[in-house]
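The block underneath contains the structure these notes are about, expressed in structure tokens.
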Amino acid sequence: MNPRSATLQIRTNGKGTYEITDQIETVVAESGIKTGTGTVFIQHTSASLVIMENAAPAARRDLEKFFERLVPDDADYEHDDEGPDDSTSHIRMVLTRSSEVIPIADGRLQLGAWQGIFLFEHRHSPHLRRVIVTVVGE
């Protein structure tokens, strides 16, 4: 079967995690591929992807707080072309991931019971993010 690729447009409201599992599952279902892999890639350097606990919102809030402490906005960064959160958003992206590869079996992503795929927005202001999903297999 031919690979299937789709571009998702995800609107964010500023910093935080945004679950995109359902949108990715839709691409997988529409592909008709029963066994293979799904690759998810974000085309940005100030947002990232994470596979994270999706049942308890407190787990995501803890992650967000951890990154605030790890890479604080008020530190002395040189790169601020797009604002005071410019360099911090790039650093946070580098510490996470720009892509994930998930196995597909029986036409479904093989995520664990409490796993979800999240766009992790690192900028304060709202953005429209592009996420590419490619599904290959048979």
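The salt bridge (charged side-chain N to carboxylate O under 4.0 Å, His left out) check on Arg108 picks up Glu25, with sequence neighbours excluded. Applying the salt bridge (charged side-chain N to carboxylate O under 4.0 Å, His left out) test to Glu30 and every residue at least two apart in sequence or in another chain returns Arg4. Evaluation of the ring pair (Phe, Tyr, Trp, His ring centres under 6.0 Å) rule for His90 yields His79 as partners, not counting sequence neighbours. Remark: Gln43 pairs with Arg130 by the side chain to side chain donor-acceptor pair (under 3.5 Å) rule, at least two apart or across chains. Remark: Thr21 pairs with Glu19 by the side chain to side chain donor-acceptor pair (under 3.5 Å) rule, at least two apart or across chains. Taking the salt bridge (charged side-chain N to carboxylate O under 4.0 Å, His left out) definition, one finds that Arg97 meets it with Glu100, sequence neighbours left out. Partners of Gln110 under the side chain to side chain donor-acceptor pair (under 3.5 Å) rule, at least two apart in sequence or in another chain, do not exist in this structure. With sequence neighbours excluded, no residue forms a ring pair (Phe, Tyr, Trp, His ring centres under 6.0 Å) with Phe118. With sequence neighbours left out, the side chain to side chain donor-acceptor pair (under 3.5 Å) criterion links Ser89 to no other residue. Under the rule for a salt bridge (charged side-chain N to carboxylate O under 4.0 Å, His left out), Arg60 has no partner lying at least two apart in sequence or in another chain.
The number of heavy-atom neighbours closer than 6.0 Å to CD of Glu78, taken from other residues, nucleotides and ligands shown, is 12 or below. Under a cut-off of 6.0 angstrom, the local environment of CG in Asp106 is sparse, with at most 12 non-hydrogen atoms contributed by other residues, nucleotides or ligands.
Sorted by first then second residue, the ring-ring contact (aromatic ring centres under 6.0 Å, His included) pairs that include residues 22-44, not counting sequence neighbours, number zero. Residue pairs meeting the salt bridge (charged side-chain N to carboxylate O under 4.0 Å, His left out) criterion with at least one partner in residues 8-18, sequence neighbours excluded, are Lys15-Glu68, Lys15-Asp73.
Ser46 has its side chain out of reach of Asp86: every pair of non-hydrogen atoms, C-beta onward, lies at least 4.5 Å apart. A 4.5 Å side-chain heavy-atom check between Gln23 and Val131 finds every atom pair outside the cut-off.
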